[in-house]
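Since the structure comes first, as structure tokens, the remarks are kept for the end.
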Amino acid sequence: MTTANAALTMIPLTMSSREIAKLTGKRHDHVVRDIEKMLKDAGEGLPKFGDTYKNPQNGQEYRCYNLPQDLTYTLVLGYRTDLRLKVVRRWMELEAQQAPAIKAPANMVEALTLALEQQKALAAKDQEIAELAPKAAGLAILAEKDGELGIRDAGRELKVGQNRVRDMLFDRKWVCRQGRGIRPASYGLEHGYVRLVPRLYEDKLTGQEKISDDFRITRKGIARLAEIFGVMEAGRIRVPFAKQPEPAPA
């Protein structure tokens with residue numbers, strides 16, 4: 001390889017999980033958790049993007065990840081709109097830093113050609129973001145919610161009320177009745193939409209500690225309900241509810 005060709009060779013751009021955490025204000029271990037789940041769901045191998053870094057405070061090594069552009073954008077689809085924008089803008093800065101210096105146009109023809117090429121590049125970027133936006137919109141209201149929710153809290157989160165959430169759980173056969181309560185049905189369990197969480201409590205009569213099962217809707221379930229209800233908060237504009245049939249399990 002000649003010196004000129006070597007100078008033009010560019011190292012593929014990546015964005016580290018640590019930088020994503022810094023840009024979004026999220027804990028790094030939470031970003032790592034989100035990345036590992038995304039890579040698993042996408043069928044990508046963790047070692048391919050895995051790395052480690054040494055914490056200067058305790059000298060210990062921790063795992064991190066370096067993601068290419070497509071996986072970085074896929075990761076932040078579930079993040080809040082302003083956080084996604086920070087990551088996208090940072091990526092554009094990285095691309096600008098890596099791009100070779102452009103010679104100033106010598107005449108009008110070169111200037112018009114350069115302007116046309118830049119316009120095409122911007123249009124392509126806008127198209128890429130537009131294709132990602134529909135998937136992100138349904139998850140926008142869940143950007144910073146890490147925990148699983150009960151029916152009442154899910155109704156508040158989705159801004160539809162707990163009764164509509166409960167009815168939807170039965171309509172979609174995510175749950176079934178057990179006595180006066182509800183339990184996860186096989187469909188909801190198989191798809192990871194709902195589950196039971198053990199809870200330790202003190203018996204008021206005996207004072208003994210006991211364990212009960214609390215019903216919870218998982219983050220995946222909340223995201224799916226957001227899509228079903230059509231709740232989107234793009235600029236605080238709420239899309240009317242449109243009920244759609246549940247797709248058959250893959």
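Nothing here was measured: the structure is a model prediction, and the numbers come from that model.
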Legend entry - Other ILVMFWY residues reachable from Tyr53 by side-chain steps of under 4.5 Å: Tyr62
Inset, instruction - To the nearest 0.5 angstrom, please state how far the OG1 atom of Thr218 sits from the CH2 atom of Trp174. - result: 7.5 Å
Legend entry - Residue pair Ile20, Leu67: steps toward the side-chain contact (heavy atoms from CB on, under 4.5 Å) verdict: CA-CA 10 Å; Ile20 294 172; Leu67 300 180; 4.3 Å; yes
Legend entry - Check: Arg84 side chain, Tyr79 main-chain N or O, donor-acceptor pair, under 3.5 Å: yes
Inset, instruction - Give, for atom CD of Gln69 and atom CG of Leu94, the distance between the pair rounded to the nearest 0.5 Å. - result: 10.0 Å
Inset, instruction - Establish whether Tyr187 and Leu189 are linked, either directly or via other cluster members, by ILVMFWY side-chain heavy-atom contacts under 4.5 Å. - result: no
Inset, instruction - Determine whether Val160 and Phe215 fall in the same hydrophobic cluster, where Ile, Leu, Val, Met, Phe, Trp and Tyr are linked whenever their side-chain heavy atoms lie under 4.5 Å apart. - result: yes
Inset, instruction - State, yes or no, whether a side-chain contact exists between Lys37 and Arg219 at a heavy-atom distance under 4.5 Å. - result: no
Legend entry - Check against side-chain contact (heavy atoms from CB on, under 4.5 Å), Leu71 and Leu39: CA-CA 8 Å; Leu71 290 178; Leu39 294 176; 3.8 Å; yes
Legend entry - side-chain hydrogen bond (donor to acceptor under 3.5 Å, both in side chains) involving Glu61 - partner list, sequence neighbours excluded: none
Inset, instruction - Please report the closest heavy-atom contact between Lys86 and Leu23, naming both atoms and the distance. - result: CD-O, 3.3 Å
Inset, instruction - Give, for atom OG1 of Thr14 and atom OH of Tyr65, the distance between the pair rounded to the nearest 0.5 Å. - result: 14.5 Å
Inset, instruction - Check the hydrophobic clustering (I, L, V, M, F, W, Y; side-chain heavy atoms under 4.5 Å; chains of links allowed) and say if Leu85 and Met92 are grouped together. - result: no
Legend entry - Distance-minimising heavy-atom pair for Ser16 and Asn66: CB-OD1, 3.4 Å
Inset, instruction - Please determine if Asp153 and Arg156 form a salt bridge, counting it only when a charged side-chain N lies under 4.0 Å from a carboxylate O. - result: yes
Inset, instruction - Considering non-hydrogen atoms only, spot the tightest contact between Gln60 and Asn58 and give its length. - result: N-OD1, 2.9 Å
Inset, instruction - Heavy atoms only: give me the nearest Gln162-Arg152 pair and the separation to one decimal. - result: OE1-CB, 3.6 Å
Legend entry - Lys220 (side chain) donor-acceptor with His191 (main chain) under 3.5 angstrom: yes
Inset, instruction - Could you check if a side-chain atom of Leu196 sits within less than 4.5 angstrom of a side-chain atom of Pro184, using non-hydrogen atoms only? - result: yes
Legend entry - Min side-chain heavy-atom separation Ile182-Phe170 under 4.5 Å: yes
Legend entry - Val165 vs Met168 side-chain heavy atoms within contact, under 4.5 Å: no
Legend entry - Distance, nearest 0.5 Å, that separates CZ of Arg166 from CD1 of Ile151: 5.0 Å
Legend entry - Lys/Arg N to Asp/Glu carboxylate O, Arg224 vs Glu227, below 4.0 Å: yes
Inset, instruction - Flag the pair Ile217 / Glu157 as yes when at least one side-chain heavy-atom distance between them is below 4.5 Å, and no otherwise. - result: no
Legend entry - Beyond-backbone contact of Val76 with Leu83, side-chain heavy atoms, under 4.5 angstrom: no
Inset, instruction - State the CG-CG distance between Asp70 and Leu75, to the nearest 0.5 angstrom. - result: 11.5 Å
Inset, instruction - Any chance you could measure Thr72, atom OG1, to Trp91, atom CH2, to the nearest 0.5 Å? - result: 4.0 Å
Legend entry - Ionic contact status for Lys22 with Glu19, cut-off 4.0 Å: no
Inset, instruction - For residues Ile35 and Ser17, report the shortest heavy-atom separation together with the two atoms involved. - result: CD1-CB, 3.6 Å
